[in-house]
There are 2 protein chains.
Amino acid sequence: MADVARLAGVSSQTVSRVSTGHPSVVESTRQQVLAAMQELGYRPNSAARALKRGEFRTLGVILFTLATTGNSRTVEAILAQAAQEGYAITLIPVAMPTQDGVLGAFTRLGELAVDGVVVIMEVHLLDAANLELPPNMQVVVVDSDAGERYPVVDTDQADGARQATRHLLELGHETVWHVSGPIESFAAGRRTQAWRETLEAAGKAVPPPQLGDWTAESGYQAGLVLARNPGCTAIFAANDQMALGVMRAFHEQGRSIPGDVSVVGFDDIPDAHAFFPPLTTVHQDFAEVGRRCVEGLLRQIRNEPGSPGTDLVPTRLVLRGSTAAPRGR
Amino acid sequence: MADVARLAGVSSQTVSRVSTGHPSVVESTRQQVLAAMQELGYRPNSAARALKRGEFRTLGVILFTLATTGNSRTVEAILAQAAQEGYAITLIPVAMPTQDGVLGAFTRLGELAVDGVVVIMEVHLLDAANLELPPNMQVVVVDSDAGERYPVVDTDQADGARQATRHLLELGHETVWHVSGPIESFAAGRRTQAWRETLEAAGKAVPPPQLGDWTAESGYQAGLVLARNPGCTAIFAANDQMALGVMRAFHEQGRSIPGDVSVVGFDDIPDAHAFFPPLTTVHQDFAEVGRRCVEGLLRQIRNEPGSPGTDLVPTRLVLRGSTAAPRGR
DNA sequence: TATCGTGATGTTAACGTAAACATCGTGGTG
DNA sequence: CACCACGATGTTTACGTTAACATCACGATA
């Protein structure tokens, strides 16, 4: 910077003003400085900037994995929104999905160059009680029940499950069977609960849910069980991958979809419309979730008044070829 | 830091030594300092540290999207490996997949707090010629042909395609049809080329490839075309999603897989074994790619002698239920 | 013409840390 | 016992930037 100042024949403060876009620099001076910067290949040092300003213009994202559609899509949206606001994103992986792992990530947080964090963790491990956030660290949580302590952004899981279940009932099915996600997942719990409540509200029998773990394989296992039951004509799987597994099980048993059995998924992953048959599923707007996370976080950082509590992003049912009225109706 | 020093009754330099793990601090002093840190909730300021040390202990990853399996899995591996080496990861999205977008990302790089970057861009837009890297910026490129200028880590696309094609020929198929990825993709080009060369080497006819764009929908369209051709008994799709689309097209035409037609994919996405039927595919070791990226980058940063050029990660064919010998053989 | 306000630019200091050097005390050695 | 080596700790300084304040020139005003 001093070199640039010397070459341009100004003080280093003027160089600083040019590089931060300060208004009170006369155009001719500005051009000189810019030329000098160009010639010397000057790049502002972000560490020094951060040190002086007391902020990093960076947000952290704490997560277990990028392997799930939801997480990677959410991160992508966070990325885009943050870039637009002039913030960079640092990813903070949780080494092990245990309470200790999470604590470790939060501890490291203090030394990381971030102004705030988005926590994407759908499991119960995030026991808000014993999390110690570094002071001045803002946080937004995705998909959790930490709403009491932290602002939460989440998909409206319950409404999605309700729409899926109602859709199947409205087609005329006697009841709806359910392949659930793992018990330790908040999202899975809420989907299962809404499914149950919808059935109860309609005065239908509530069959025992099949427990899955989000994987297609677990859906396949559940499908094998359900396929043995001739009374099962409608299935709500808690995600698309499990729906995929369920459908494979029925195909292998020679049962047709949606002729013999209707299937609804959840997520609307990009491949869902290419499944055989194309999957009717609940669309989650991950992009919107990511956007609201960043907005909420920046609102906190900038000390703007925000709406605390839980921010629910709506879902919508996408009708495709895997659902139909039951045979003989 | 000064407060900690005062409370512990030592100089700030000793606090620094404790916080960086310097050996020449006697145990009793160390304990005192640690206690003071604890009490005051001291966290080292990473900006000041970076300023002083001249390094950020952060790596950047430039990419277009996290939506593809390959990218998100690679990023995840980079994340894990970097964490293990004590480095954080900053994601740098390229706003628009154009030459300008890429240039913009590289320009911003200079102001970003990173010691090196991994560039994950499989398209030809990365025209190495006019990329201006900030001085002192190390780079590793994934999946590209920039091998002349930069170190490259890539999956052995050609060998994977070769294995897939050979497998189908060895089953006894007359020839192998191909659904390719988009022309602007390096990986797609290499897969198509290896498929062609393998057929030629075996003295088989080379049918015209169907052009896809990685999506299941494009695979479905290609599948509709191929399904009309009774001579087509073996298909190599350039990725699993397109294979999924191809299979749906055949299912809809009432053609059985693998009875009438064998299909091989590429990637081995987690759902591949849950497809109907489970998909024979070429497994890519994204985790290994990510690992080698970080290793290569750190080697450069630390000025260790490295192997320049292209580092190829092997692939392997995973046999599942979508391939069989042709009918009547 | 003396005074003052205004806008452009320069000077000083501080952000928190760690390298380099300085100092101090202790125990070993001739 | 004088001297030295060495390990533990303290002091000084600089990393690159920008906020705050100081200065300066110039035009407007009484």
Next on the checklist: Return a single string for nucleotides 8-17 of chain D, one symbol per nucleotide in 5' to 3' order, where B is base contact, S is sugar-phosphate-only contact and - is none, cutoff 4.0 angstrom on heavy atoms.
Outcome noted: SBBB--BBBB
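Of the listed residues (A/Ile62, A/Val118, A/Val117, A/Val152), just one forms a side-chain contact (heavy atoms from CB on, under 4.5 Å) with A/Val141, and that residue is A/Val152. For the pairing with B/Val4, the side-chain contact (heavy atoms from CB on, under 4.5 Å) check across B/Met37, B/Glu39, B/Gln38 returns one residue only, B/Met37.
Here C/dA18 presents its P atom at 11 Å from CD of B/Glu55, a figure rounded to the nearest Å. Rounded to whole angstrom, the span from the CG atom of B/Leu40 across to the P atom of C/dG16 amounts to 14 Å. Taking atom CZ of residue B/Arg53 and atom P of nucleotide C/dG16, one finds them 17 Å apart after rounding to whole Å. Rounded to an integer number of Å, the gap from CZ of B/Phe56 to C1' of C/dT17 is 14 Å.
B/Glu85 CD: more than 12 foreign heavy atoms inside a 6.0 Å radius. More than 12 heavy atoms of other residues, nucleotides or ligands sit less than 6.0 Å from atom CD of B/Glu27.
Interatomic distance, CZ of B/Arg6 versus CE of B/Met1, reported as 12.5 Å (0.5 Å rounding). Distance OG/B/Ser46 to CZ/B/Phe56: 10.5 Å, rounded to 0.5 Å.
Counting heavy atoms from C-beta outward, A/Val294 and A/Leu59 have side chains that approach closer than 4.5 Å.
When only modelled atom types and interatomic distance are considered, A/Thr65 and B/Arg73 share no side-chain donor-acceptor pair under 3.5 Å.
Using five terminal pairs a side, the axes of the helix from C/dT1-D/dA30 to C/dG30-D/dC1 at its two ends make an angle of 60°, given in steps of 10 degrees.
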